[in-house]
Q: 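Quick one: the structure is below, and I'll ask about it shortly.
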Amino acid sequence: FLFLRSRYHHTLGKPRVVRGSGYKLFFLQGIAGFKNSAINSGRTFPTFSGKVSWEFYDQRIFFNTMKAAVLYQTGQPLIVEDGIETPSLMRGQVLVKVAFSGICRSQLMEVRGKRGEDAYLPHLLGHEASGWVIETGAEVTKVKPGDKVVLTWIKGEGVDCKGAKYKLGNTTLNSGGVTTFSDYTVVSENRCVNLEENIPMDLAALLGCAIPTGAGIVFNTLRPNKND
């Protein structure tokens with residue numbers, strides 16, 4: 001068993017330890033990191049530098065469960081579920097540890113059933129966030145483990161994937177190309193945007209929807225001139 005020795009453990013999900021060599025585990029300021037000692041699985045994991053706040057463990061670890069707000073029925077409150085299984089990554093998918101998520105008005109409309117019949121219930125929500133890349137699937141070249149990223153509904157460069165499917169017991173939880181109301185999320189590569197180091201994570205989440213949407217209204221709809 002892995003004994004948690006950091007005040008940050010509540011932010012990192014529930015780990016499953018698979019005994020054997022392959023990775024030395026360490027944690028830096030509450031962010032999971034992996035020091036590669038023998039890559040033989042074809043999976044890539046992040047390495048960070050900084051003050052080590054946890055002891056080293058000679059074990060291989062995957063974060064296989066997460067917490068998320070789930071929409072089971074429109075017009076009803078979201079239900080926060082723990083123990084949701086994170087799926088293995090498919091081609092073009094990226095596993096991200098969410099730092100901050102915004103809540104868009106369009107998402108509230110969806111929850112309240114104001115956007116018509118919802119054929120994908122139950123499902124996850126959220127389309128603007130900031131976070132750290134934990135793992136990348138095949139053919140992902142735009143981001144790498146350890147990168148700070150903005151998550152957005154706006155499609156950019158990279159692979160465009162179908163939404164991940166999560167498991168909670170015998171229930172399948174659907175998602176789109178990006179969801180953010182969770183502590184971890186699996187998103188399409190083309191919904192990730194690299195974030196400069198000097199931009200705070202709380203403000204960066206607004207770059208996923210609020211800021212570009214507001215700017216679009218100003219420049220494309222209002223179209224002010226210098227005399228306005």
Q: Is there a side chain to side chain contact (heavy atoms under 4.5 Å, CB included) between Val96 and Leu151 once you walk through the steps?
A: CA-CA 9 Å; Val96 175; Leu151 303 181; 4.1 Å; yes
Q: Given side chains that start at C-beta, do those of Pro122 and Leu71 come closer than 4.5 Å, heavy atoms only?
A: no
Q: Ignoring hydrogens and angles, tell me if any N or O in the side chain of Asp183 forms a donor-acceptor pair with the backbone of Met66 under 3.5 Å.
A: no
Q: What do the steps show when you test Arg112 against Thr74 for side chain to side chain contact (heavy atoms under 4.5 Å, CB included), and what is the final call?
A: CA-CA 5 Å; Arg112 295 166 181 167; Thr74 56; over 6 Å; no
Q: So which heavy atom on Pro87 is nearest to which on Ala164, and how close?
A: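 In this case the closest contact between Pro87 and Ala164 is CG-CB, 4.1 Å.
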Q: Distance check, rounded to the nearest 0.5 Å: Arg223 atom CZ versus Thr221 atom OG1?
A: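 Spacing of CZ (Arg223) from OG1 (Thr221) equals 7.5 Å.
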Q: How about Met201: does its CE atom have over 12 heavy atoms from other parts shown lying under 6.0 Å from it?
A: yes
Q: Applying the side chain to side chain contact (heavy atoms under 4.5 Å, CB included) criterion to Thr152, which one of Val193, Val178, Thr180 satisfies it?
A: Val193
Q: Compare all side-chain heavy atoms of Lys167 with those of Ile84 and state whether any distance is below 4.5 angstrom.
A: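 A side-chain contact is absent here, since even the closest heavy-atom pair is not under 4.5 Å.
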Q: Might you work through the side chain to side chain contact (heavy atoms under 4.5 Å, CB included) test for Leu78 and Val70, ending with a clear yes or no?
A: CA-CA 5 Å; Leu78 299 177; Val70 180; over 6 Å; no
Q: With the side chain counted from C-beta on, respond yes when Val140 and Gln93 share a heavy-atom pair under 4.5 Å apart, and no when they do not.
A: no
Q: Check whether more than 12 heavy atoms from other residues, nucleotides or ligands sit under 6.0 Å from atom OH of Tyr120, and answer yes or no.
A: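 No.
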Q: Are Glu189 and Lys142 within salt-bridge range, i.e. N to O under 4.0 Å?
A: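 Result for this pair is no, no salt bridge flagged.
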Q: Under 4.0 Å between a side-chain nitrogen and a carboxylate oxygen: does that hold for Lys155 and Asp160?
A: yes
Q: Between Asp82 and Leu168, what is the shortest heavy-atom contact and its length?
A: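 Answer, listing the atom of Asp82 first, then Leu168: O-CD1, 3.6 Å.
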Q: Between atom CG of Leu207 and atom CD of Glu128, what is the distance when rounded to the nearest 0.5 Å?
A: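 Result: 9.5 Å between the selected atoms.
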Q: Are side-chain N/O atoms of Tyr184 and Glu135 paired as donor and acceptor at under 3.5 Å?
A: no
Q: Cluster question for you: counting only ILVMFWY and a side-chain heavy-atom cut-off of under 4.5 Å, with indirect links fine, are Leu206 and Val150 together?
A: yes
Q: More than 12 heavy atoms of other residues, nucleotides or ligands under 6.0 Å from CG of Asn170: is that the case?
A: no
Q: Taking atom NZ of Lys148 as the centre, does the number of heavy atoms from other residues, nucleotides or ligands within less than 6.0 Å exceed 12?
A: yes
Q: One pair to check against side chain to side chain contact (heavy atoms under 4.5 Å, CB included): Val159 and Arg91. What are the steps and the verdict?
A: CA-CA 8 Å; Val159 181; Arg91 168 187 170 273; 3.4 Å; yes
Q: Taking Tyr166 for the side chain and His123 for the main chain, is one N or O donor matched with an acceptor at less than 3.5 Å?
A: no
